[in-house]
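Computed over heavy atoms, backbone and side chain alike; hydrogens, waters and symmetry mates excluded. A note on names: the letters A, B, ... follow the listed sequences, proteins ahead of strands, and every chain is numbered from 1. Since the model is a prediction, treat every value here as computed from it, not as a measurement.
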Number of protein chains: 2
Amino acid sequence: MARAPRQADIAAAAGVSQTTVSLILSGNTDGVRLSEGTRQRVLDAAEELGYVPDPVATRLASSRNHMLGVYTFASAFPTDVDGFYYPILVGIEEEAAALGQDLVLFTGTGGGQGRAHDKTAIRRTRVADGCLFFGRHVPEEPIDWLLGGGFPLVYIGRRDELDGRIPFVGVDYVAASAAVVERLVALGHRELRYLREDDDAPSSSDREKGVLAAARKARLAVRRIVVRATPAEVGTGLIARWRAEGVTAVVVEETDTGELSAALLAAVEAAGLRTPADLSVAVLGQPKDRPEVSGFEVPRRELGRRAVRLLVDQITASGPRTAQQIFLDCVPVAGSTIGPPG
Amino acid sequence: MARAPRQADIAAAAGVSQTTVSLILSGNTDGVRLSEGTRQRVLDAAEELGYVPDPVATRLASSRNHMLGVYTFASAFPTDVDGFYYPILVGIEEEAAALGQDLVLFTGTGGGQGRAHDKTAIRRTRVADGCLFFGRHVPEEPIDWLLGGGFPLVYIGRRDELDGRIPFVGVDYVAASAAVVERLVALGHRELRYLREDDDAPSSSDREKGVLAAARKARLAVRRIVVRATPAEVGTGLIARWRAEGVTAVVVEETDTGELSAALLAAVEAAGLRTPADLSVAVLGQPKDRPEVSGFEVPRRELGRRAVRLLVDQITASGPRTAQQIFLDCVPVAGSTIGPPG
DNA sequence: CTGAAAGCGCTTACAG
DNA sequence: CTGAAAGCGCTTACAG
């Protein structure tokens, strides 16, 4: 195959030095004056030869290649929870395109022999100018290593590992969850439950925090509010017990799989209850294809866009960067599954 | 922060040359013998200093960067037809991971001022070792340019532009469509229609070819079989006319948007007809979330996987490459919307 | 068995 | 206004 043209080839064609080609093509004309004729000759030759800068060489020499990494700890295109991550990716692509950045998807996690493999794969992200990360956990060592080396990175989702030094764009689940409980309280509910999965991701504990804060503020009995369960454990038995306890409203978390909220809604139906007449149900998030369910909408697309912007900010920032942590607000969804206690 | 250690630092610490360090660390010991003592000293020093190879430099020096480009003419993460492209991307990612390749998503098309922009953006794909393309059209000039330069590329979907020199992985719509018609004929249908969009993409004309071939072979009257229509034109009026003409079965193409098949199924229902009792309906493809519809399944995930494999083959092939064109078979979906003519 | 040297394709001082 | 040179951190012939 014919080799890709280099700056040297353009230089030969235009009768100038390779340095001049570099200066002209990179637009790096600070304090440098070049004759318009030379400029045009070089640009024409570049066009003629179909020149495309080699990003690897560019990067080695200057440390900018207009590529943003996207590191997902599982799969960038998950087959099970596609509905959840997809909008984030859409946002990332939109904003990257708008800012003239290409995206590098690191697939390294596929081979997967655990931690050791992660380490190598994560370090590979350095081929890009910076990298977006998402996943439920933070592999502290390699991330610390990247951070220590001044490598720009942004997490999607709140993270408090590494002494809060990880920049991220997260969702304000605390406020959104509290707002849902406040609405229920305003409707007159006094006995409610918060159903969550038994997994301590920040998004889960933030929701719990919001729920409890709002409950305390309304002086509700808080002791029995939080109920941890797997989707399999959610059935008519649980519903019956709650009814016996005088529960009039249930709030359930929505995770990436959406299984818990689906299980609850199914159990309520199986128990022959109507919402909100017999029981108010709100989801902390928005279940797929169920716009009638009360809760809130996570701004996923915006999450992707903001993460890209924060990352590019970091890359182009000149001074020492301070960890930036951004929270986005959720949009309340009125829905029709909550109402005054029956 | 202290600069990340380089091979030179290890060399200094171990009292050897940088070359030796490179040889030992890269395990590149073909025909080279190193004393075990030196080896151990170098490895210890590397460990001690926390050495990690710089991926950028490694790639510059070894001229392969293990990155595959993915060029979509619209958006890699489309917001409207996500269900269609997503499985292809899943397949691409899976196979890329299996082969140790990262993916570069070229987002350049977002800025979009038509052809000129395409050209630049497409040329940029050369930053990767090779590139996958998909989209309904082929921008001949830049693709020809890439091909001429020996740049490895693979299209997803059959292409016959550029004198058939474009390597691709396509779907055998001809055979799959013919098989559907053969099934209908075997059931006893003699008067059928093929409903297609008014757009001449290869995937549409291939379907038509298969339908007509099977119809001719069964000696059906072929003149009125093909009906071109937009989704908006498909309503109860059309159904009524077909009924009046004695039509007992309708075959409809499934495109990326799925609008045409959805419109037909809706019209049939609106006309108060049952399938297959009153009318047999088959879709050439598989409508989303309607597993009961008869037709065939396009192996989209496999399409992605095979495209990646073909691309990597091209990249690693040493001799002159010949254009490779691969067709994948569809999987018939029995479904329950076709039966003997009522 | 190991080192000096050239080169991957760029950028960036530094000289003219 | 433009060029020669060094350097980014590696790999890979080529000498000893």
| message | Parallel, tilted or perpendicular, judged at 30° and 60°: which one describes the rings of B:F327 and B:F168? | response | perpendicular

| note | Rounded to whole Å, CG of B:N65 lies from P of D:dT11 at a distance of 15 Å

| task | Check whether the side chains of A:T19 and A:S22 place a donor and an acceptor atom closer than 3.5 Å, and report yes or no. | result | no

| said: For B:R6, is there any backbone N or O sitting under 3.5 Å from a side-chain donor or acceptor partner on B:D9? | reply: yes

| note | Assert: residue with more 5' nearest nucleotide on DNA chain C, out of B:Q18 and B:S62, is B:Q18

| Among the nucleotides C:dT2, D:dC10, C:dT11, which one has an atom lying closest to any side-chain atom of B:T38? | C:dT2

| message | By nearest heavy atom, map B:L60 and B:V16 onto DNA chain C; which one lands nearer the 5' end? | response | B:V16

| message | Centroid separation under 6.0 Å, is that true for the rings of A:Y155 and A:F134? | response | no

| message | Classify A:V56 by what it touches in the nucleic acid, base, sugar-phosphate, or nothing, heavy-atom distance under 4.0 Å. | response | nothing

| request: Would you indicate whether the side-chain heavy atoms of A:R165 and A:D144 approach each other to under 4.5 Å? | output: yes

| request: Could you tell me whether a side-chain N or O of B:T20 sits under 3.5 Å from a main-chain N or O of B:V16, the two making a donor and an acceptor? | output: no

| remark: Between CZ of B:R59 and C1' of C:dC10 the distance, given in whole Å, is 17 Å

| request: Round to a whole Å and report the spacing from CG of A:D9 to P of C:dC8. | output: 11 Å

| Applying a 3.5 Å limit to both distances, which nucleotide forms a Watson-Crick or G-U wobble pair with C:dG3? | D:dC14

| said: Please determine whether a side-chain nitrogen or oxygen atom of A:T20 lies at a distance below 4.0 Å from atom OP1 or OP2 of D:dG3. | reply: yes

| Do the side-chain N or O atoms of B:S17 get closer than 4.0 angstrom to the phosphate oxygens (OP1, OP2) of C:dT2? | no

| Are the side chain of B:Q325 and the backbone of B:G164 linked by a donor-acceptor contact shorter than 3.5 Å? | yes

| Separation of B:I24 atom CD1 from D:dT12 atom P, in whole Å? | 16 Å

Report, one pair per line, the protein and nucleotides 13-16 of chain D atoms (nitrogen or oxygen only) whose separation is under 3.5 Å.
none

| Residue B:R6, side-chain atoms from C-beta onward, closest of D:dG9, D:dT12, C:dG9 | D:dG9

